[in-house]
Amino acid sequence: MLDVLRENFGHLFEDELLVEISRVSKYTKVDAGDTLMELGSSVTHMPLLIEGAIKIFRLDDDYREQILYFLERGDTCALTLNCCVGKVHSEIKAVAEVDSELIFVPAEYMETFLKYHSWSKFVFDSFNNRLVELLEVIDSLAFMKLDERLYNYLRDKVLINSNQLLEITHSIIAQEMNTSRVVISRVLKKLELENKIKLHRNKIEVIEI
DNA sequence: TCATTAACACGGG
DNA sequence: CCCGTGTTAATGA
């Protein structure tokens, strides 16, 4: 695990810290679709993403979900950071978008690692990055039309899967974006007429990025 | 005006 | 036959 850490986080953390992390953490592989965190579960570990992508959802009172953003290589989850320090329950749900590899750092080391300057910088930067992304989410929900939101969502998926051809159904998209299947079908059709995508059964081809 | 819900037809696997 | 898709009509915010 130390080698994996050096390879992916060597540019961020000094070797002494990498050694400490590797001594106390757990290295895990997950498959696409695995749920890493349920709403309300207690958070005991903080994830460092080595490979793959994790999608983060917010859930409303009726358990309808709204996708917030994707975590990618080198990221951690700022909302989890908050949970670890405050020892509160999770406000979000996390699902692996593709096969992924993570390292889980036990929550109790969150604070002791702060003695490393590189760690505290990493934590602050993560908060900052997530805040910026959350502002983008707010913009998107408040000001953007559904067709723009949907197109952005599809482009994100293309980047993460590094494949123009997405294997996904209209109803899954509707769930992730918290709207109805009818609307997604209609907007997708519109995007197709604008030559931005091509529709196939169970598949969506994104033409331009 | 636009989303949601229900309902229906079509077609591929 | 089941499921994904495309569409429409009714209803509501």
Side-chain angles (χ1 to χ4, degrees), chain A residues 28-41 49 51-73 75 77-80 82-83 89-102 129-209:
Chain A
T28 313
K29 290 187 181 186
V30 297
D31 296 327
D34 284 359
T35 298
L36 302 181
M37 194 168 299
E38 286 284 2
L39 181 74
S41 63
L49 192 48
E51 187 66 65
I54 310 295
K55 52 189 167 186
I56 307 297
F57 294 99
R58 181 79 174 120
L59 287 85
D60 73 8
D61 295 338
D62 298 326
Y63 292 97
R64 286 182 312 198
E65 46 193 43
Q66 164 67 50
I67 194 161
L68 292 181
Y69 48 71
F70 294 94
L71 297 179
E72 289 165 83
R73 181 210 295 256
D75 284 340
C77 182
L79 295 171
T80 303
N82 176 41
C83 293
H89 292 292
S90 167
E91 298 282 328
I92 51 102
K93 175 182 168 186
V95 178
E97 170 72 9
V98 295
D99 294 351
S100 303
E101 299 168 34
L102 306 100
N129 287 336
R130 287 313 129 197
L131 278 177
V132 169
E133 288 219 45
L134 282 177
L135 284 178
E136 285 171 8
V137 172
I138 291 173
D139 282 346
S140 148
L141 290 177
F143 304 123
M144 285 173 60
K145 298 287 186 194
L146 185 60
D147 55 349
E148 291 178 80
R149 283 174 55 203
L150 180 54
Y151 191 44
N152 284 343
Y153 165 90
L154 292 174
R155 284 188 324 204
D156 272 353
K157 289 244 186 207
V158 167
L159 291 179
I160 285 164
N161 292 287
S162 48
N163 188 347
Q164 309 255 122
L165 201 57
L166 303 171
E167 298 208 8
I168 191 166
T169 67
H170 297 185
S171 58
I172 299 291
I173 299 176
Q175 273 177 46
E176 299 203 337
M177 298 192 51
N178 187 21
T179 182
S180 65
R181 205 265 310 162
V182 180
V183 174
I184 296 297
S185 290
R186 177 160 41 78
V187 176
L188 283 174
K189 202 70 200 166
K190 187 182 154 201
L191 289 175
E192 186 179 39
L193 290 175
E194 293 169 1
N195 286 322
K196 292 179 175 169
I197 61 173
K198 266 188 186 152
L199 298 177
H200 314 272
R201 190 183 175 79
N202 286 319
K203 293 186 183 86
I204 297 174
E205 187 181 352
V206 180
I207 306 294
E208 341 158 3
I209 304 282

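Everything quoted here is computed from the prediction, not taken from an experiment. Proteins get letters first, then strands, A, B, ... in listed order; numbering begins at 1 in each.
A salt bridge is absent between Lys145(A) and Glu148(A); no separation between the charged side-chain nitrogens and carboxylate oxygens falls under 4.0 Å. Ion pairing between a basic and an acidic side chain is recognised when a charged N comes within 4.0 Å of a carboxylate O; Lys55(A) and Glu97(A) show such pairing. Ion pairing between Lys190(A) and Asp147(A) holds under the 4.0 Å rule for side-chain N and carboxylate O.
If you check residues 137-150 of chain A against DNA chain B, you find no residue with a heavy atom closer than 4.0 Å.
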When every nucleotide of nucleotides 2-11 of chain C is labelled 5' to 3' by its protein contacts under 4.0 Å (heavy atoms), B for base, S for sugar-phosphate only, - for none, what sequence of letters results?
-> -BBBBBB---
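Side-chain N/O atoms of Asn152(A) and Arg155(A) include a donor and acceptor closer than 3.5 Å. Looking at Glu136(A) and Tyr69(A), their side chains never bring a donor and an acceptor atom within 3.5 Å of each other.
Note that the CD atom of Glu205(A) and the CD atom of Gln164(A) stand 7.0 Å from one another [nearest 0.5 Å].
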Given salt bridge (Lys or Arg N to Asp or Glu O under 4.0 Å), test Arg73(A) with Glu51(A) step by step and report yes or no.
-> CA-CA 5 Å; Arg73(A) 181 210 295 256; Glu51(A) 187 66 65; 3.2 Å; yes
